[in-house]
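First the structure, in the form of structure tokens, and then the observations on it.
What you see is a predicted model, and the numbers here were worked out from it, not measured in a lab. So that the names make sense, note that chain A is the first sequence line, chain B the second, and so on, each numbered from 1.
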Amino acid sequence: MLEGLNPQQRDAVTLPAEHALVLAGAGSGKTRVLTTRMAWLIQTGQVGPHGLLAVTFTNKAAREMLTRLSALLPINTRGMWVGTFHGLCNRLLRAHHREAQLPQAFQILDSADQLSAIKRMLKAAGIDDERFPARDVQRMINGAKEDGLRPGDLDVRDAHARRLADLYQRYQDQCEREGVVDFGELLLRAYELLQREAPIREHYQRRFQQILVDEFQDTNVLQYRWLMLLAGAHTPVFAVGDDDQSIYAFRGANVGNMADFEQRHAQGRVIRLEQNYRSHGHILDSANALIAHNTRRLGKNLWTDAGEGEPLRVVEQASDALEAQWLVDEIRALIREGRPAREIAILYRSNAQSRPIEHALFSARVPYRVYGGQRFFERLEIKHVLAYLRLIDNPDDDTSWMRVVNFPTRGIGARTLEQQADIAAQQNSSLAGAVAFVPGKAGAVLARFATLIRELAEAARTLDLPELIGHVVHHSGLEAHYRADREGQDRLENLQELVNAAAAFVAEEGFQGLPAGRVPAAAAAAEAASGPDAAFDMGAEPSPAVMSPLGAFLSHASLEAGDNQAQAGEDAVQLMTVHAAKGLEFDAVFITGLEEGLFPHENSLLDAGGLEEERRLMYVALTRARERLTLTLAQSRMLHGQTRYGMRSRFLDEIPEEHLKWITPRQRPAAAQPPWSGAFRRGLGGWQGEAGSSFAPRAARTQSSGVTVGDQCFRIGSGVRHGRFGEGTVVALSGSGAEAQARIEFRDAGTKTLALGVAKLEVLD
DNA sequence: GCAGCGAACCTTTTT
DNA sequence: GGTTCGCTGC
């Protein structure tokens, strides 16, 4: 089992049972170490499969871990606690739903469901959506939950913050009433459950004798606290991660967890995996040199014995269209040389960049696939069916009610629904609960819908899950609706696909022949026989089997949105964002759009640590390549309907010359000079345009001088007062002269972009 | 209830 | 430039 491991990998695998941190560089065999560690712990008798807890971020990573583990050891991995944070928390909450104060059939809201729930809450509260856009409220709520904060824990020093806390509370009340939880709530609820209920906590602390965490750099504050709570005083945590690949701070990941874990728990027990088995020397040295520009690293230097390989090639084209054309020509040549298309990846910073590239590939008939499209379970028609299924499982789920109460249309209009919502609010019930109290014709049509749901629920008592879904598709009228629609054919096919997915799910989970709505008898008996806390004292955990096939499938649909890539297996060039490329590797990689403002992205420069995260992103991009790495940039780019001119990305200048080979002459100025400097103007050469538009680096410009309008000088961070919006802070500046604009975060009025020549602003000292 | 229109959005994203 | 959202008018 330990054969073929290098000394550091072997050390990591065979560490004693204490907290430890493994700093695993890109391509250093991280997953191998993690799975071998699990196998080794089991094989040496230190722990049974039952006593392991392994946490990942994605379902894909969890599956991969289980697959590799069963290749190493002849054990049955079913029932092992290996999964995502959210999946494991769901399991905990299902098993202890009473103690967690959740209904047995609680539903999980995905981000889109959450947003519509928030919109509904804002509407009910009569909130002005100018000042409180639903998206902002959603971000605030999720941010608070990621930090483990409830509405009462928020800092409410001003009226705006007080209002936000109030909205958070209203949203929570609404979720409570409807029996739904969002993703953040899954984690926070599970954490609070363990914290509050000592017998449950102690049971799991005893049960888990080893905890392993993958991608530890991506954990947020709450996930870290959850892990350490579960570990308790005796369970060692084996954390694997790479601080240089932390690229998810924007969604709450806290790299600081790594340093904290090292200092407080894993003192000295840090193993660095620095031998890279993926990339040639030039590539690796470039990545090392680039990332060395970051401060606050735990420190690590990758090396390889694979030889230095080719230098990185750099290509500059006049426009994004020409950049795309060059890529296509180059890729066709590679394919002609016999390189498989699937071994070629085109990476970009933002999704918008894929358009011209796709266009060029399509015209040249080069097969390609784009990652990051819509997921299967996120398709509209699928969400509609799922909404019916959720109402069967939990009629109080108002989000689902609203989604399908009038889809397909059945004459239930906005006025009827408002009336229903008013009554529901009055008696503090769900929409379903209010139906009986809606008078007149409106009440009658609603009652008819409620009857439909009851009949579908009745069917769930006898039909198995795939049959039930077919039944729902037919009796809800969705089938007829899509059949009548000229473009409904694809949607009908997807609905059939959903039936197939359900059949596969039923087979995999051992639910064959079971009515969709029925909780398996054995599990139900165990639940009934045991008191509220006996269930987990029986050695065997209450498993997700306390759920009906329907309930389990709905959880599955929410927690695993399905593939977001085109059909696998096909030999096609791979297009994706750098974020999506994390964890993957290719023979040949093209990193495109290496322009200041795009990569690093201009928005990232505004927040603290943003540039360093962009640099880590670039580091991730560089380390995806095995043999051939090409960096491309364009002098002009179509963005938001405007042609913009960017400067060469600073990241190109952070890679030592000796690793770069310029295929086209180097033309454009480096990013370090501000756009108004002489060097920039000279560098401008023949091209003119909106240089100095917001595409130019804001930080460089504003750090030095700011923007002067009349006798006032605006800088990032300066306080300003506006007649209508009140006081605020300048967070971004762009343009100059008559074009100058400032983005200002007002304390009460939200964030606005104002033309400095027009808006009456006063700079405060 | 729905088509049609103008306004507002536009970094990255898993669960 | 493209899409999506929400309002208006039929």
Side-chain angles (χ1 to χ4, degrees), chain A residues 55-62 83-90 108-116 119 123 129-130 133-135 139 142 145-146 181-188 190 214-215 218-220 222-223 246-253 320 347-356 359 371-375 377-378 380 406-417 555-562 564 576-583 593 597-607 610 613-614 616-618 620-621 637-644 694 752-753:
Chain A
V55 198
T56 62
F57 275 87
T58 65
N59 293 297
K60 195 175 152 200
T84 63
F85 279 101
H86 293 86
L88 297 173
C89 286
N90 179 46
I108 302 167
L109 302 183
D110 68 18
S111 310
D113 297 333
Q114 184 192 29
L115 187 63
S116 62
K119 283 183 182 159
K123 204 163 181 182
D129 48 1
E130 271 280 286
R135 284 195 177 282
R139 224 192 8 242
N142 290 339
K145 289 187 179 185
E146 277 152 15
V181 300
D182 57 47
F183 288 134
E185 188 71 17
L186 278 175
L187 279 150
L188 186 49
D214 190 18
E215 306 277 17
D218 288 338
T219 51
N220 63 35
L222 179 60
Q223 287 161 336
S246 162
I247 55 173
Y248 286 112
F250 71 91
R251 66 175 198 216
D320 48 354
L347 308 185
Y348 35 79
R349 175 65 180 84
S350 66
N351 283 306
Q353 285 166 256
S354 78
R355 184 183 298 280
H359 179 80
Y371 282 70
Q374 214 187 16
R375 316 287 219 69
F377 286 113
E378 286 166 2
L380 212 57
N406 197 37
F407 192 91
T409 49
R410 38 178 79 89
I412 299 177
R415 252 206 338 272
T416 299
L417 291 174
S555 280
H556 168 78
S558 310
L559 290 173
E560 182 158 12
N564 63 352
M576 66 193 84
T577 63
V578 180
H579 282 93
K582 190 174 158 211
L598 197 59
F599 200 0
H601 198 280
E602 53 182 343
N603 293 0
S604 72
L605 303 177
L606 298 176
D607 32 64
E613 177 144 323
E614 293 290 304
R616 291 193 293 268
L617 200 47
M618 181 66 181
V620 167
R637 191 171 289 279
M638 213 38 173
L639 211 64
H640 310 325
Q642 272 185 319
T643 306
R644 305 230 261 172
S694 60
K752 315 248 177 234
T753 301

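- Considering only the side chain of R355(A), dG2(C) comes nearest among dG2(C), dT11(B), dT15(B).
- In this structure the side chain of Q353(A) never reaches within 4.5 angstrom of the side chain of D320(A), judged on heavy atoms.
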Assess whether side-chain contact (heavy atoms from CB on, under 4.5 Å) is satisfied between K145(A) and L187(A), documenting all intermediate values.
CA-CA 8 Å; K145(A) 289 187 179 185; L187(A) 279 150; over 6 Å; no
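- With rounding to whole Å, K582(A) atom NZ is found 16 Å from dT11(B) atom C1'.
- In this structure, H579(A) and Y248(A) have tilted ring planes: the angle between them lies in the 30° to 60° band.
- Rounded to a whole Å, the CG atom of D110(A) is 16 Å from the P atom of dT13(B).
- Dashed line: the shortest gap from a side-chain N or O of R135(A) to OP1 or OP2 of dC9(B) is not under 4.0 Å.
- Of the two residues near DNA chain B, L559(A) and R410(A), the one whose nearest nucleotide lies more 5' is R410(A).
- Checking the phosphate oxygens (OP1, OP2) of dG1(B), a side-chain nitrogen or oxygen of N406(A) falls inside 4.0 Å.
- Taking a cutoff of 4.0 Å between a charged side-chain nitrogen and a carboxylate oxygen, K582(A) and D218(A) qualify as a salt bridge.
- Across dT11(B), dG1(B), dT15(B), the shortest atom-to-atom separation from the side chain of R375(A) is found for dT15(B).
- Heavy-atom distances to DNA chain B give each of G184(A) and A352(A) a nearest nucleotide, and the one nearer the 5′ end belongs to A352(A).
- Nearest to the side chain of T58(A), among dG1(B), dG1(C), dT14(B), sits dT14(B).
- A close approach under 4.0 Å does occur between a side-chain nitrogen or oxygen of K119(A) and OP1 or OP2 of dG6(C).
- Taking CZ from F57(A) and OG1 from T84(A), the interatomic distance works out to 9.5 Å, rounded to the nearest 0.5 Å.
- Residue D218(A) is classed as having no contact, given no heavy-atom separation below 4.0 Å to the nucleic acid.
- Among the heavy atoms of the strands, none lies under 4.0 Å from F85(A).
- One interatomic measurement links the two molecules: OH of Y371(A) to P of dT12(B), which rounds to 18 Å at whole-angstrom precision.
- The distance from the OG atom of S558(A) to the CG atom of D182(A) is 11.5 Å, given to the nearest 0.5 Å.
- The side chain of R251(A) places no N or O atom within less than 4.0 Å of a non-bridging phosphate oxygen (OP1 or OP2) of dT15(B).
- Regarding contacts with the backbone of dT13(B), every side-chain N or O of S111(A) stays at 4.0 angstrom or more from both OP1 and OP2.
- Candidate nucleotides dT11(B), dT13(B), dG1(B) were compared by shortest atom distance to the side chain of H579(A), and dT13(B) ranks first.
- In this structure, the CD atom of Q642(A) is 15 Å from the P atom of dC10(B), given to the nearest Å.
- At the heavy-atom level, N351(A) lies under 4.0 Å from the strands shown only through sugar-phosphate atoms.
- Under the stacking criterion of a centre-to-centre distance below 5.5 angstrom and an interplanar angle below 30°, H86(A) is not stacked against the six-membered ring of dT15(B).
- In summary, the side chains of S111(A) and Q114(A) do not present any donor paired with an acceptor at a separation below 3.5 Å, with no hydrogens or angles considered.
- Side-chain proximity of R349(A) to dG1(B), dT15(B), dT11(B): nearest is dT11(B).
- The distance from atom NE2 of H601(A) to atom C1' of dT12(B) is 9 Å, rounded to the nearest whole Å.
- Looking at heavy-atom distances under 4.0 Å, G411(A) makes contact with sugar-phosphate atoms alone, never a base.
- Straight-line distance from the OH atom of Y248(A) to the P atom of dT15(B): 10 Å, rounded to whole Å.
- F250(A) qualifies as a stacking partner of the dT12(B) base, centre to centre under 5.5 Å and near-parallel within 30°.
- As a whole-Å value, the separation of N603(A) CG from dT11(B) C1' is 6 Å.
- Here I412(A) lies in heavy-atom contact (under 4.0 Å) with sugar-phosphate atoms only.
- Regarding L380(A), its CG atom lies at a distance of 10 Å from the P atom of dC5(C), rounded to whole Å.
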